[in-house]
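To keep things clear, I will list the structure first and then write my remarks on it.
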Amino acid sequence: MMNHKKYTRQYFMPPVPCMKWAEKEYVDHTPIWCSVDLRDGNQALVVPMSLEQKVAFFKLLVEIGFKEIEVGFPAASDTEYQFLRTLIEQDLIPDDVTIQVLTQAREHIIRKTFEALEGAKHAIVHVYNSTSLAQREQVFRKSKEEILQIAVDGAKLLKELAEEANANYQFEYSPESFTGTEVEYALEVCNAVLDVWQPTAENKAIINLPSTVQMSMPHVYASQIEYMNDNLKYRENVIISLHPHNDRGCGISDAEMGLLAGADRIEGTLFGNGERTGNVDIVTLALNMYAQGVDPKLNFEDMPYVSESYEKYTGMKVDERSPYSGALVFAAFSGSHQDAIAKGMKYREETNSEVWTVPYLPIDPTDLGRSYDADVIRINSQSGKGGVGYILEQHYGLKLPKKMREAMGYAAKGVSDTLHKELMPEEIFQLFKDKFENITTPYRIEEVHFKQHNGIIAEVTATYGDKKNVIVASGNGRLNAVSNAMKRHFRLEYDLVTYEEHALEQSSSSRAIAYVGIRDKAGKLHWGAGLDVDIIRASIDALLTAINHMAESSK
């Protein structure tokens, strides 16, 4: 039996109400993005990346548009150290990109970090120590005053070593386990660090407020951020950064609400990779903003390339349902969804709309390098007429009548259900041809001659079984005359209810396709299609296929 009583809330609300963030509707500004894939994401891998993989991943992050990239914990291992040295010594860091390195607030680690940074044009040195109640009591067994002193001593050493190196470094401090720290105490520690650094407009300090472990609903985190935003010293010269983890599955919500509460910067990873349940997914966070009309200033125009590269470097997989990036996130199998999407796309064409409002698609897949044909409308046993009709029109130029789309939809559903598989566009097209084109048994029309006399007179050479018949009948048009001939001679009972045609190519010798629907005496519709350079012949072939379908169904 699960015992929920052993759990209790371990977070701390601000001492005063902090809910101004809730009055805002959406994130209306682009944060400073800092990728921590190469440190936080890398240390979460079963097999960490090699030096070559890390260099390739760094280049990918630069290509996407990250201007701040945390490259590792250089004092942690030789690989981490050598990676940083490789970036510096091979001049792989663009002038507009700032690398970030992480160090604990411990003297020998800080000194090793500065040694690794030698020659860097500019960098962010990120120092941290844990401040939470649980860590103070259980891990360090130190008082608040002792923990604060660790932070201050680390801040002083950063400043001292940067001055000795005459280096262009920016400083960042994290009260690790911020979410489990009394908010007033976290503020006290951060302000003490800022007093050491004395940030200026020309060299702002970064205060990073991580949800190292998510302990609360997102609105609590937002209130904590708002309290810090309202009470930090030197606020105009301080960049408030967030580093949300995802233990409760709320990494995106924490980040978005934290930005509403006054944060300026986000640390996260592509696709949310990180320890335990991961970090905030910058792909999702950035594209959430994009879908609200805000430029995230990151380039995800070729999402398949980004996903494939990420998988190659990390050995991780992008889940098929991962927002925006997953292989199936734009795919609609449901018939009603497909129908709405197809109609939405048609409406967009008709109105020439510049605003994206297509049902079920919060973002235009082509913005991310995806295609409507391959990624959006997918056909299986759950699909319907709208999706099948859309595939046939987009891939093969077939504009089926509404009721014929319904019949084709049922045919595709039936095949998919029997085979237990998705149908590819070429399979759907072949199914259409097999079922609705050139069905010539049991009836067959060999040739037709027309003459005009009080309407149209058709002389039809038709066979049933092995017997050839020459039939003459009149009608108010060529197809009507042929239909009357077949009905009269073979005693067929149906009404011709639908006839549509269109060209498949735009040239003098272009083929045309005709669609014919007939209704039998029981009220059931039967369909046929014909394809020929001669539209009359195409119409006759379509009628013949519909008649043969009717004959088959009456057996």
Side-chain angles (χ1 to χ4, degrees), residues 32-104 106-128 157-158 161-162 164-172 174 206 208 241 243 265 267-271 273-275 279 282-283 298-299 305-316:
I32 301 166
W33 301 109
C34 178
S35 161
V36 295
D37 290 89
L38 296 170
R39 193 274 301 172
D40 209 348
N42 182 60
Q43 73 184 22
L45 300 176
V46 176
V47 180
M49 287 179 275
S50 67
L51 177 61
E52 293 74 18
Q53 288 173 320
K54 293 188 79 170
V55 169
F57 203 153
F58 178 82
K59 291 178 179 178
L60 173 66
L61 295 169
V62 170
E63 190 176 345
I64 289 170
F66 286 98
K67 300 304 179 185
E68 295 183 1
I69 302 172
E70 187 172 82
V71 297
F73 199 139
S77 70
D78 288 341
T79 301
E80 298 281 290
Y81 187 93
Q82 286 304 319
F83 174 51
L84 176 54
R85 294 312 307 159
T86 298
L87 293 178
I88 295 170
E89 291 169 7
Q90 295 187 15
D91 198 22
L92 298 176
I93 307 167
D95 290 341
D96 63 343
V97 172
T98 300
I99 57 170
Q100 177 171 304
V101 291
L102 184 68
T103 175
Q104 290 176 323
R106 299 170 65 185
E107 182 176 353
H108 71 284
I109 296 177
I110 293 173
R111 290 187 181 278
K112 181 76 170 179
T113 302
F114 272 80
E115 176 188 318
L117 279 171
E118 184 178 354
K121 295 175 184 176
H122 39 85
I124 297 169
V125 183
H126 180 184
V127 64
Y128 74 94
L157 187 56
L158 256 63
L161 294 178
E164 287 178 6
N166 194 26
N168 183 24
Y169 297 157
Q170 187 175 13
F171 300 144
E172 174 176 350
S174 288
I206 301 170
N208 187 54
S241 176
H243 186 116
R265 183 177 184 266
E267 294 186 351
T269 58
L270 298 182
F271 311 111
N273 182 32
E275 289 192 286
N279 293 300
I282 286 184
V283 173
L298 293 176
N299 181 4
Y305 163 71
V306 174
S307 300
E308 290 164 11
S309 299
Y310 166 83
E311 291 182 341
K312 179 171 66 175
Y313 302 146
T314 67
M316 301 285 285

Before giving the answer on side chain to side chain contact (heavy atoms under 4.5 Å, CB included), spell out for Ile206 and Ile124 the whole-Å C-alpha distance, their side-chain angles and the decisive distance to 0.1 Å.
-> CA-CA 9 Å; Ile206 301 170; Ile124 297 169; 3.9 Å; yes

Around atom CD of Glu118, are there more than 12 heavy atoms of other residues, nucleotides or ligands at under 6.0 Å?
-> no

Minimum side-chain heavy-atom gap Pro94-Val62 below 4.5 Å | yes

Between NE2 on residue His126 and CG on residue Asn208, distance to nearest 0.5 Å = 4.5 Å

Side-chain touch Tyr128/Gln104, heavy atoms, less than 4.5 angstrom | yes

Test log, rule side chain to side chain contact (heavy atoms under 4.5 Å, CB included), inputs Leu102 and Glu70 | CA-CA 8 Å; Leu102 184 68; Glu70 187 172 82; 4.0 Å; yes

Here the pair of heavy atoms bringing Ile109 nearest to Thr113 is O-OG1, 2.8 Å

Is the shortest heavy-atom distance from the side chain of His243 to the side chain of Arg265 under 4.5 Å?
-> no

Please name the pair of heavy atoms, one in Gln53 and one in Met49, separated by the smallest distance, quoted to 0.1 Å.
-> OE1-CA, 3.4 Å

Measure the CZ-OG distance between Phe57 and Ser50 for me, rounded to the nearest 0.5 Å.
-> 12.5 Å

Distance (rounded to the nearest 0.5 Å) between Glu275 CD and Leu45 CG = 10.0 Å

Is Tyr81 close to Ser77 at the side-chain level, that is, under 4.5 Å between some pair of heavy atoms?
-> no

Do Val101 and Phe73 pass the side chain to side chain contact (heavy atoms under 4.5 Å, CB included) test, and can you show the C-alpha distance, the side-chain angles, and the key distance before you say yes or no?
-> CA-CA 6 Å; Val101 291; Phe73 199 139; over 6 Å; no

Going through the checks in order, is the side chain to side chain contact (heavy atoms under 4.5 Å, CB included) test met by Trp33 and Leu298?
-> CA-CA 9 Å; Trp33 301 109; Leu298 293 176; 3.7 Å; yes

All heavy atoms of Pro74 vs all of Ala116, minimum pair found to be CB-CB, 3.7 Å

Consider only side-chain N and O atoms of Glu267 and Gln100, and report whether a donor and an acceptor are under 3.5 Å apart.
-> yes

So, for Ala162 and Phe114, which heavy atoms are closest and what is the spacing to 0.1 Å?
-> N-CE2, 3.6 Å

CZ/Phe66 to CG/Leu38 distance, rounded to the nearest 0.5 angstrom?
-> 10.0 Å

Heavy-atom side-chain proximity of Thr314 to Asn42 below 4.5 angstrom = no

Could you note down all residue pairs passing side-chain hydrogen bond (donor to acceptor under 3.5 Å, both in side chains) where residues 84-99 supplies at least one of them, sequence neighbours left out?
-> Lys67-Asp96, Arg85-Glu89, Asp95-Lys121, Thr98-His122

Heavy-atom closest pair (Asn273 atom, Tyr310 atom, distance to 0.1 Å) is CB-OH, 3.3 Å

Salt bridge (charged side-chain N to carboxylate O under 4.0 Å, His left out): pairs with one or both residues in residues 51-63, sequence neighbours excluded = Lys54-Glu80

Test item: Tyr169 and Leu158 side chains (from C-beta on) under 4.5 Å apart, heavy atoms | no

Value for CD1 (Ile69) from SG (Cys34), rounded to nearest 0.5 Å, stands at 8.0 Å

Mind checking the CD1-CD1 spacing from Ile99 to Ile93? Nearest 0.5 Å is all I need.
-> 4.0 Å

Sequence-distant partners of Arg106, salt bridge (charged side-chain N to carboxylate O under 4.0 Å, His left out), two or more places apart | none

Looking at His108, Glu115, Glu107, which hits side chain to side chain donor-acceptor pair (under 3.5 Å) with Arg111?
-> Glu107

Between Gly274 and Asn279, which heavy-atom pair has the shortest distance, and what is it?
-> CA-ND2, 3.5 Å

Fit a plane to each ring of Phe83 and Phe58, take the angle between them on a 0 to 90° scale, and name the class: parallel (under 30°), tilted (30 to 60°) or perpendicular (over 60°).
-> perpendicular

Tell me, do Val71 and Arg39 make a side-chain contact under 4.5 Å, heavy atoms counted?
-> no

Residue pair Asp37 / Tyr313, side-chain heavy-atom distance below 4.5 Å = no

